[in-house]
Amino acid sequence: MNNSKIWLSSPHMGGTEEKYVQAAFDTNWIAPLGPNVNGFEKDLETYLGSNVQVGALSSGTAAIHLGLILLGIKAGDEVICQSMTFSASANPIIYLGATPVFVDSESDTWNLCPISLENAIIDRISKGKKPKAIIAVHLYGMPYKVDDINNIAAKYNIPVLEDSAEALGSYFKNKKCGTFGEIGVLSFNGNKIITTSGGGAIVTKKSEVKEKAVFLSTQARDNAPHYQHSEIGYNYRMSNICAGIGRGQMEILDNHIQLRRKMNNFYANYFNNIEGVEVLTEPNDDYFSNHWLSAITIDSAKTNGKTREDLRIAFEAANIESRPLWKPMHLQPVFEQYPYYGKKVSEKLFENGLCLPSGSNLSDEDRKRIQAVLDDFFNVKF
Ligand SMILES: *Cc1c(COP(=O)(O)O)cnc(C)c1O
């Protein structure tokens, strides 16, 4: 049997990407601006709806950094951040000299817990420091509890930076993820649902915010014939080559979401019959996940002591990649001195959770190899 590596999530080209890249070469738009950048932004604006404006940037991390700057975050400010996430959600807080305040997840969507969030806000205010922003994340494509988080943000008048890096194409109550925050963030890194090799975008409803994001991302040049600067700038704009890949990827985005959801269905059906294993699925019909990654939790008390680490090793032996869930930021050595609010939801998820191969490019044969490992691991007999 073929034993090539099965990845968690690898790039999946649709076929038309090269046409747009070739056009960039043919017209010599080999620069961080050009028709593909404008075209990709238009495609994303149309796809997201809700009259948003999109600014294409060099990465999702750059988008979070500029997003925090545009929300006015300065050195010494406090910014609330979902603890269970990729470190790129939190690092830009530190770039700005601000302080992260980490908050636990709830167990329905694995995202920001509204109760812990409000506790954190109340306690920080009582200590004399009102948080200046809330970074909420749609992990693995699963929308966070949008109404609850927005209600709390509105009650305390704190803007939400919506980290939708993993959730392009997901929606909540028929509204696309990326459009809920004061500022939204997308990523097109190589492992995301669509990729430009590396890239990201900022999403806003205000044209002046988009203009400011583009201005800051292109070295903050004032309007003058010479190079004149009144503000600190960044080199964060997306390349016209990368944007060409993005335009091609937009043509197959919805198809690839269907394929990711098919993978999720495969796991949901499989684990339906396995005691002690839960698949992350939408809590109700308000939620639609792109299922960027399919993830499970294993309760070793119900699996004869078999843990998620045992399963990870079994997959590894078969040359199949799987990975523990995001290790919460408040447990990371680099962040452990910062405040944390919550119980142990994210800690338990990290302890028991595993991401499984989820790519839109997985074949029937790949699924057979995955199932063979699972059958063997859980002693499933035919
Ligand atoms: C990937 C990711 C980012 C960062 O995006 P890059 O484009 O890789 O810089 C931020 N937040 C989350 C949750 C991510 O998964």
Side-chain angles (χ1 to χ4, degrees), residues 7-11 32 37 40 44 54-69 79-96 100 102-103 105 109-112 133-144 149 160-170 177-178 180-181 183-203 213 217 234-239 242-243 245-246 249 260 280 289-295 323-330 332 334-335 346 349-350 353 355 358-359:
W7 300 98
L8 265 192
S9 177
S10 66
V37 175
F40 186 39
L44 287 164
V54 171
L57 301 172
S58 55
S59 71
T61 311
I64 295 171
H65 190 186
L66 290 187
L68 291 175
I69 292 170
V79 175
I80 288 181
C81 184
Q82 182 169 321
S83 185
M84 190 166 175
T85 185
F86 178 44
S87 64
S89 304
N91 284 335
I93 302 170
I94 306 291
Y95 302 167
L96 291 167
F102 293 112
V103 172
S105 292
T109 74
W110 300 1
N111 296 312
L112 199 55
I134 298 165
I135 301 177
V137 190
H138 307 294
L139 279 189
Y140 307 122
M142 184 62 70
Y144 56 72
I149 301 299
V160 174
L161 188 143
E162 180 192 2
D163 182 345
S164 194
E166 301 177 2
L168 180 60
S170 298
C177 289
F180 294 112
I183 285 183
V185 165
L186 304 173
S187 167
F188 315 111
N189 205 334
N191 58 350
K192 297 290 157 69
I193 193 129
I194 63 166
T195 182
T196 59
S197 74
I202 196 160
V203 184
S217 74
Y234 301 84
N235 185 3
Y236 278 174
R237 193 73 163 127
M238 180 178 278
S239 151
C242 295
I245 304 173
Q249 290 269 280
R260 298 249 178 189
L280 175 62
S289 171
N290 66 13
H291 286 302
W292 170 59
L293 292 187
S294 286
R323 191 177 300 137
L325 303 189
W326 298 122
K327 182 173 181 178
M329 292 303 112
H330 71 278
Q332 299 283 358
V334 73
F335 290 127
S346 61
L349 286 169
F350 172 61
C355 295
S358 306

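Remember, predicted model here, so these are calculated numbers, not experimental data. For ligands, and for the atoms within them, numbers begin at 1 and follow the listed sequence. Heads up: numbering here begins at 1 and tracks the sequence.
Take H330 and apply the side chain to side chain donor-acceptor pair (under 3.5 Å) test, not counting sequence neighbours, and it matches S83, E347. Taking A243 as the reference, N36, V37, F40, M238 meet the side chain to side chain contact (heavy atoms under 4.5 Å, CB included) condition, with sequence neighbours excluded. Applying the side chain to side chain contact (heavy atoms under 4.5 Å, CB included) criterion to T109, with sequence neighbours excluded, gives E106, N111, M142, K145, P283, Y287.
Ring geometry, H65 versus Y95: the interplanar angle exceeds 60°, so the pair is classed perpendicular (tilted spans 30 to 60°). Using bins of under 30°, 30° to 60° and over 60° for the plane-to-plane angle, the ring pair F180/H138 lands in the perpendicular bin.
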Check ligand 1 for N or O atoms under 3.5 Å from a protein N or O and list each pair with its distance.
residue	atom	partner	partner atom	Å
ligand 1	5 (O)	S187	OG	3.3
ligand 1	7 (O)	G60	N	2.7
ligand 1	7 (O)	S187	OG	2.7
ligand 1	7 (O)	G199	O	3.4
ligand 1	8 (O)	N189	ND2	2.8
ligand 1	9 (O)	G60	N	3.3
ligand 1	9 (O)	T61	N	2.9
ligand 1	9 (O)	T61	OG1	2.5
ligand 1	11 (N)	D163	OD1	3.3
ligand 1	11 (N)	D163	OD2	2.7
ligand 1	15 (O)	E166	OE2	2.5
ligand 1	15 (O)	K192	NZ	3.2

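Considering I134, I135, D163, L139 as possible partners of Q82, the one that fulfils the side chain to side chain contact (heavy atoms under 4.5 Å, CB included) test is L139.
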